[in-house]
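Along the sequence shown, the residues carry numbers beginning at 1.
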Amino acid sequence: QVQLVESGGGAVQTGTSLRLSCEGSGPSFHLFAMGWFRQAPGKEREFVGSITWDGRPLYGGDFAEGRFTISRDNAKKQVFLQMNSLKPDDTAKYFCARSRDGLGRTEAKFYTLWGQGTQVTVSS
């Protein structure tokens, strides 16, 4: 069964960094764009960024530009989200998702496979 498993979350202090990983399965991982979303308690799910099958990133709002970096290793079937200069507003559960095709997209409806998420908590 094809699945996605996130790891790398944790409780950190403001200004530190975390690197989230998402490990996929199945023979066609390299064909799909992958996305990262996050959801904080009481808030809607938010697009963080995506990466096309061939490694072109697309980032969400201003919060991601300059602080977050998405990358992938198709040989290892992994996608990464490097988060630097973390802030309390970054506190959320972060989800990895597989797009329906190889294109990077911002809307969750285009993602057909989701992981269980990994919690990131940033304290001031």
Side-chain angles (χ1 to χ4, degrees):
Q1 183 177 359
V2 178
Q3 61 180 359
L4 300 173
V5 180
E6 302 96 333
S7 62
V12 297
Q13 293 191 330
T14 296
T16 59
S17 299
L18 278 176
R19 188 192 196 205
L20 306 185
S21 299
C22 172
E23 185 163 355
S25 59
S28 303
F29 177 88
H30 63 287
L31 297 177
F32 295 97
M34 301 295 293
W36 285 98
F37 291 78
R38 68 183 187 181
Q39 189 165 21
K43 295 187 177 180
E44 292 187 354
R45 184 166 43 187
E46 180 177 37
F47 173 72
V48 175
S50 64
I51 188 165
T52 60
W53 68 276
D54 58 348
R56 287 171 287 138
L58 171 69
Y59 295 101
D62 291 343
F63 70 88
E65 287 285 355
R67 294 194 302 128
F68 293 2
T69 303
I70 296 175
S71 60
R72 68 188 296 163
D73 183 337
N74 285 336
K76 296 182 178 180
K77 299 182 182 179
Q78 291 181 314
V79 179
F80 306 100
L81 177 63
Q82 176 69 43
M83 303 186 294
N84 298 328
S85 303
L86 284 164
K87 307 173 183 179
D89 284 348
D90 295 318
T91 295
K93 196 167 190 178
Y94 284 71
F95 297 88
C96 171
R98 191 185 76 180
S99 179
R100 67 181 188 184
D101 54 29
L103 303 178
R105 304 177 187 276
T106 63
E107 296 181 73
K109 66 180 182 181
F110 293 113
Y111 292 82
T112 56
L113 181 66
W114 293 79
Q116 294 299 308
T118 185
Q119 179 67 37
V120 172
T121 303
V122 185
S123 59
S124 57

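- Applying the under-4.5 Å side-chain rule to Ile, Leu, Val, Met, Phe, Trp and Tyr, the cluster around Leu113 extends to Val2, Leu4, Val12, Leu18, Leu20, Phe29, Met34, Trp36, Val48, Ile51, Tyr59, Phe63, Phe68, Ile70, Val79, Leu81, Met83, Leu86, Tyr94, Val120, Val122.
- Counting only distance, with no hydrogens or angles, the side chain of Glu23 and the backbone of Lys77 share no donor-acceptor pair below 3.5 Å.
- Listed here is the closest heavy atom pair of Phe95 and Gly115: CD2-O, 3.6 Å.
- Cluster partners of Trp53 are absent, since no Ile, Leu, Val, Met, Phe, Trp or Tyr has side-chain heavy atoms less than 4.5 Å from it.
- Residue pairs meeting the disulfide (SG to SG under 2.5 Å) criterion with at least one member in residues 3-108, sequence neighbours excluded, are Cys22-Cys96.
- The two residues Gly104 and Tyr111 have their closest heavy-atom pair at C-OH, 4.5 Å.
- In terms of heavy-atom proximity, Ser25 sits nearest to Gln1 at OG-O, 3.6 Å.
- In terms of the side-chain hydrogen bond (donor to acceptor under 3.5 Å, both in side chains) criterion, residue partners of Thr52 (sequence neighbours excluded) are, by chain and number, Asp54.
- By the 4.5 Å heavy-atom criterion applied to side chains, Thr106 and Ser50 are not counted as neighbours.
- For residues 97-114, the set of pairs meeting the salt bridge (charged side-chain N to carboxylate O under 4.0 Å, His left out) definition, not counting sequence neighbours, comprises Asp101-Arg105, Glu107-Lys109.
- Sorted by first and then second residue, the pairs that involve residues 62-75 and meet salt bridge (charged side-chain N to carboxylate O under 4.0 Å, His left out), not counting sequence neighbours, are Arg67-Asp90.
- Between atom CZ of residue Phe110 and atom OG of residue Ser99 there is a gap of 8.5 Å, rounded to the nearest 0.5 Å.
- Atom CD of Gln119 has more than 12 neighbouring heavy atoms from other residues, nucleotides or ligands inside a 6.0 Å radius.
- Taking every heavy atom of both residues into account, Ser17 and Ser85 meet most closely at OG-N, 4.2 Å.
- Around atom CD of Gln82, more than 12 heavy atoms belonging to other residues, nucleotides or ligands sit under 6.0 Å away.
- The heavy-atom pair separating Ala92 from Ala40 by the smallest distance is CB-N, 3.8 Å.
- To the nearest 0.5 Å, atoms CZ (Arg38) and CZ (Arg45) are separated by 14.0 Å.
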